[in-house]
Every structure is written in C-alpha cells, then in structure tokens.
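Encoded as structure tokens, the structure appears first; notes follow it.
So that the names make sense, note that chain A is the first sequence line, chain B the second, and so on, each numbered from 1.
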2 protein chains.
Amino acid sequence: MNISDFLSSIVPFTAAELKDILVHFKKESVPKNHTLVRQGEICKTLYFIEKGMGRSYYLNENGKEITQWFFGIGKFMSSVDSFFQQSPSLYYLEVLEDATLYSISKEDIDQLFAKYPKMEKMGRLVTIEMLTRVVNKLNAIQFQTAKERYDYMLTEFPDIAYHVPLGHIASYLGMSQETLSRIRKG
Amino acid sequence: MNISDFLSSIVPFTAAELKDILVHFKKESVPKNHTLVRQGEICKTLYFIEKGMGRSYYLNENGKEITQWFFGIGKFMSSVDSFFQQSPSLYYLEVLEDATLYSISKEDIDQLFAKYPKMEKMGRLVTIEMLTRVVNKLNAIQFQTAKERYDYMLTEFPDIAYHVPLGHIASYLGMSQETLSRIRKG
DNA sequence: GATTTCCTTTGACATAGGTCAAATAGTGTT
DNA sequence: AACACTATTTGACCTATGTCAAAGGAAATC
C-alpha cells in the first residue's frame, strides 16, 4: 500500500495538496530486526509502512519482551504516546522483516496539521480507527479464552499471524508461549 | 468542570469562537440510572459531563452486564465508535447518578470540525488522550493481578471507585465480584 | 554439512481466580 | 418499623492457564 493512495483513501486531498504533503515524508529501507525506537527514548518519527511489518514491545520486570502491538502494511507505526506528547517511549519499536517506510518528524506533521485542516481530520480519523482496534483487543483480552483470543488475532492480523515467532504473538495475546503452542495444535 | 473551560484548556479558542461553538451544545439534566443509548441503537449524540458520572456496558452471552468504561466529570461520554461511524452501538450508555450534560449531534459537531480547524484539533487530541487511557487499561488487564488492577482503578478513576456498585467495577476490571470483594477486604 | 543458536513442542505440576450457593448487610418504600 | 429488594461478603470447590524443565526441530553461521 502506497502512502499517497492511503492518504487519499481517508480524506480526498487534491493532487497539489498531496504533492506538498508527500514532500515531508522520507522514504527509508530498513533491514529485518532493526530497532527504530528504544524504551525511554523520545519517538521523533512517525512511520508509514509501505512494505514489511513491525511491532512495539517492552521489557517486563523479568526482562521478558512483551509485544504490545503489531503494525502491518498500509498502517502508521510509532510509539503513539511518545510521538505526540514527545515524552519518553514506554516501548521499543522494531521492524520484523525487511521493510520500506515513509517517515515524518513531529515538527513536520504538526506543520501539516496546521496548514491543512484535512490533514488534521486525517489524524483524527486514523486515531479513532486505532482506538477502535485497541478496544477490540481489550475486549478479546478481558473476556475471551486463550483459544478465542488466538482466533481474534487471526482475523485482526491475518497476514502477520503466520510470519512472526510464536513468542511474539503469545505475549501480545497475554498468554504463555506454551499455551499458544498447545492451542495451535488443538 | 464547565464545558467552555474544558474546551479552552485543550485548544486556545477565542471568545467569539467559543460562543459560536457552545450554541451547538444543549444543556440537559438527566436523572440517576437513565439510559442514554441502548445496544444496537445508533448513538446520535456526544455528551460532555459537567456534573455526575456514567458508564458504558454491554450484556454478555449470559445476559450479565459488563462495564466497558466509566466517564467522569469533565469528560466526553458516548459510544465512540457508534457515534463517529454512525453504526449500531455495541454498548449501553447510562448515567450513574443525577447528572448535568451538554449534548451535541453528529451533524453539528461535523459542522464545527469543518468550520474550525481548532475544533478538529481538539477532536484529535481528545481522541489521543482516550487512546492512551485505553492502552493503560489494556496493560492493566493483560499483565496485572486482580489486586494490581484494582489499584490501577483507584488511580485512574479515584472519584468513581467508591461511588458505584462493586459489580460494575468488577466487570470493568475483568474479575468476578467475589474476587473484588475479597481484594477490598485484604 | 557441522555446529551453534534460536524457536517450538510436550509433560508434570501449581495456583490465581472463577463459579455456585448461602448468609449478611444496606437501602429505599409503604 | 417492617418489608422488599439490592448489594456485598464468605466458604467450598473447580478449572484454565501459568511455570519449570527437558526434548525436538529449524535455521543461521562458520
């Protein structure tokens, strides 16, 4: 999914607007396993994933990686809180396979928000969509059995579920790797 | 918390803008236990709580009420998804004590979004704040023990925790009423 | 293609928190 | 004050899922 198509699909920008907006995004190629942001750093960049996928995770008290979210093709990826509040990130952000990203800085996107109300609208709509997804996950985690949560994962991230290590998914779903392994068998 | 103070605290509206915006909000007094939206209905109104508190909940397979969120003084309350997508609400929305609300319709707020980029910005910021709160709850539910979740509740909704029935809080925290009762004792 | 390292599966056992049922305490209403 | 209703607490028991440990598989590196 191309970033320009993506933006147009949310809000009808004119060609001229799109051109002016895209100038602020930098295309980057990032290799598998590259870390974009570390826990404690301020996330200075918002990424759009044209190709590849990523995840956010943190280290719990025992130093174990806990996946917080997956980011697939055609989505924005960042440590949302850290980026928008410019506060230390609670999460690591990493790329799970070779990826093509478009990146934009906080200053630049704020400038775009200020210049184009449509851009502000885009931001609001994308955030609401994210909110809906997080609420869905919350419901899955709170009220569903381990098996049901895995099924939720398959519908929410069909492309991702089979391409990342089992442990990443297990921690994302709030269950042990062993349990997930048994479920997959089942 | 007054709605005009609230709006000003997020984005610096001019007096004239504020006046024009506030015209679209209708003040309402709503009695305790009043239901604002039912599961399956389209949520046509966004509410701002000046006084009182509310919650959203749904009925699970066994017909049990599961609290999904609490809304306190100085917050917007609605079935977010339903309101913004104008889709059937997954939740009931009810007022937990006599309340004073300011309500606005979808058409009116869309008009305001279109007229005032600052309003669009306000919407984006409020949504991001909500997103952060939901992520916090998600972390609490996913990784904390029942006891820790209750502590999270006390910091997130200090005003609410002591004023609503135990069962509402228990279902919100994803535990049985009995467990919460035992925790409160402990 | 051998070796090292990482990832997944399997088994045995432990436990937080669920469910059910009954008792107790509060609250509001005539 | 007595009644009805609702909310909370307590006890006994149960189960899904966690933890620990060890064995297999895959895949990356030399």
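At distances below 3.5 Å, not a single donor-acceptor pair connects side-chain atoms of Ser103(B) with backbone N or O atoms of Leu46(B). Between the side chain of Ser8(B) and the backbone N or O of Ser4(B), at least one donor-acceptor pair lies under 3.5 Å. With Glu50(A) contributing its side chain and Leu101(A) its backbone, the two residues share no donor-acceptor pair below 3.5 Å.
Glu129(A) has a carboxylate O that lies under 4.0 Å from a charged side-chain N of Lys75(A), or vice versa, which qualifies the two as a salt bridge. Taking 4.0 Å as the cut-off between side-chain N and carboxylate O, Asp98(A) and Lys51(A) do not count as a salt-bridged pair.
Against DNA chain C, the stretch residues 144-154 of chain A makes no heavy-atom approach under 4.0 Å. The stretch residues 155-169 of chain B touches DNA chain D through Pro165(B), Leu166(B), Gly167(B), each having a heavy atom within less than 4.0 Å of the strand. Listed by residue number, Gly174(B), Met175(B), Ser176(B), Glu178(B), Thr179(B), Arg182(B) are the residues of residues 171-182 of chain B with a heavy-atom contact under 4.0 Å to DNA chain C.
Mapping heavy-atom proximity under 4.0 Å, the span of DNA chain C touched by chain B runs 5' to 3' from dG17(C) to dA21(C).
Apart from Tyr57(B) itself, the hydrophobic cluster it occupies contains Leu59(B), Tyr92(B), where clustering links Ile, Leu, Val, Met, Phe, Trp and Tyr at side-chain heavy-atom distances under 4.5 Å. Other cluster members for Val23(A): none, since no ILVMFWY side-chain heavy atom sits under 4.5 Å from it.
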Polar atom pairs (N or O), protein with nucleotides 28-30 of chain D, under 3.5 Å:
none

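Within the structure, every pair that satisfies the ring-ring contact (aromatic ring centres under 6.0 Å, His included) test and touches residues 22-48 of chain B, not counting sequence neighbours, is listed here: Phe6(B)-Phe48(B), Phe48(B)-Phe76(B).
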Can you list, pair by pair, the side-chain donor-acceptor contacts under 3.5 Å of residues 143-157 of chain A, counting residues two or more places apart and other chains?
{"unit_1": "Thr145(A)", "atom_1": "OG1", "unit_2": "Glu148(A)", "atom_2": "N", "d": "3.3"}
{"unit_1": "Thr145(A)", "atom_1": "OG1", "unit_2": "Glu148(A)", "atom_2": "OE1", "d": "3.4"}
{"unit_1": "Lys147(A)", "atom_1": "NZ", "unit_2": "Asp151(A)", "atom_2": "OD1", "d": "3.2"}
{"unit_1": "Lys147(A)", "atom_1": "NZ", "unit_2": "Asp151(A)", "atom_2": "OD2", "d": "3.1"}
{"unit_1": "Glu148(A)", "atom_1": "OE1", "unit_2": "Thr145(A)", "atom_2": "N", "d": "2.9"}
{"unit_1": "Arg149(A)", "atom_1": "NE", "unit_2": "Gln144(A)", "atom_2": "O", "d": "3.3"}
{"unit_1": "Arg149(A)", "atom_1": "NH1", "unit_2": "Leu173(A)", "atom_2": "O", "d": "2.8"}
{"unit_1": "Arg149(A)", "atom_1": "NH1", "unit_2": "Gly174(A)", "atom_2": "O", "d": "3.2"}
{"unit_1": "Tyr150(A)", "atom_1": "OH", "unit_2": "Arg184(A)", "atom_2": "NE", "d": "2.9"}
{"unit_1": "Tyr152(A)", "atom_1": "OH", "unit_2": "Tyr172(A)", "atom_2": "OH", "d": "3.1"}
{"unit_1": "Thr155(A)", "atom_1": "OG1", "unit_2": "Tyr152(A)", "atom_2": "O", "d": "2.8"}
{"unit_1": "Glu156(A)", "atom_1": "OE2", "unit_2": "Arg133(A)", "atom_2": "NH1", "d": "2.8"}

Contacts under 3.5 angstrom, residues 79-86 of chain A side chains, donor-acceptor by atom type, not counting sequence neighbours:
{"unit_1": "Ser79(A)", "atom_1": "OG", "unit_2": "Ser89(A)", "atom_2": "OG", "d": "2.8"}
{"unit_1": "Asp81(A)", "atom_1": "OD1", "unit_2": "Thr132(B)", "atom_2": "OG1", "d": "2.8"}
{"unit_1": "Ser82(A)", "atom_1": "OG", "unit_2": "Cys43(A)", "atom_2": "N", "d": "2.8"}
{"unit_1": "Ser82(A)", "atom_1": "OG", "unit_2": "Ser87(A)", "atom_2": "O", "d": "2.6"}
{"unit_1": "Gln86(A)", "atom_1": "NE2", "unit_2": "Cys43(A)", "atom_2": "O", "d": "3.2"}
{"unit_1": "Gln86(A)", "atom_1": "NE2", "unit_2": "Phe83(A)", "atom_2": "O", "d": "2.8"}

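Looking only at side-chain heavy atoms (C-beta outward), Leu112(B) and Ile104(B) come within less than 4.5 Å of each other. With contacts defined as side-chain heavy-atom distances shorter than 4.5 Å, the pair Leu93(B)/Met77(B) qualifies. Side-chain contact between Phe13(B) and Lys118(B): present, with at least one pair of heavy atoms (C-beta onward) separated by less than 4.5 Å.
For the residue pair Leu96(B) and Lys32(B), the shortest heavy atom distance occurs at O-CG, 3.5 Å. Of all heavy-atom pairs spanning Ile3(A) and Tyr102(A), the tightest one is CD1-CB, 4.0 Å. Annotation for Leu166(B) and Ser181(B): closest pair CD2-CB, 3.9 Å, computed over non-hydrogen atoms. Nearest approach of Gly123(A) to Phe113(A), heavy atoms of both residues: CA-CE2, 4.2 Å.
Under the salt bridge (charged side-chain N to carboxylate O under 4.0 Å, His left out) criterion, Glu94(A) pairs with Arg55(A), sequence neighbours left out.
Between the NZ atom of Lys64(A) and the C1' atom of dC20(D) there is a distance of 13 Å, given to the nearest Å. Look at CD1 on Ile141(A): it is 15 Å from C1' on dA16(D), rounded to the nearest Å. As a whole-Å value, the separation of Lys185(B) NZ from dA7(D) P is 18 Å.
Taking the screw axis at each terminus of the helix from dG1(C)-dC30(D) to dT30(C)-dA1(D) from five consecutive base pairs, the angle between the two is 50° to within rounding of 10 degrees.
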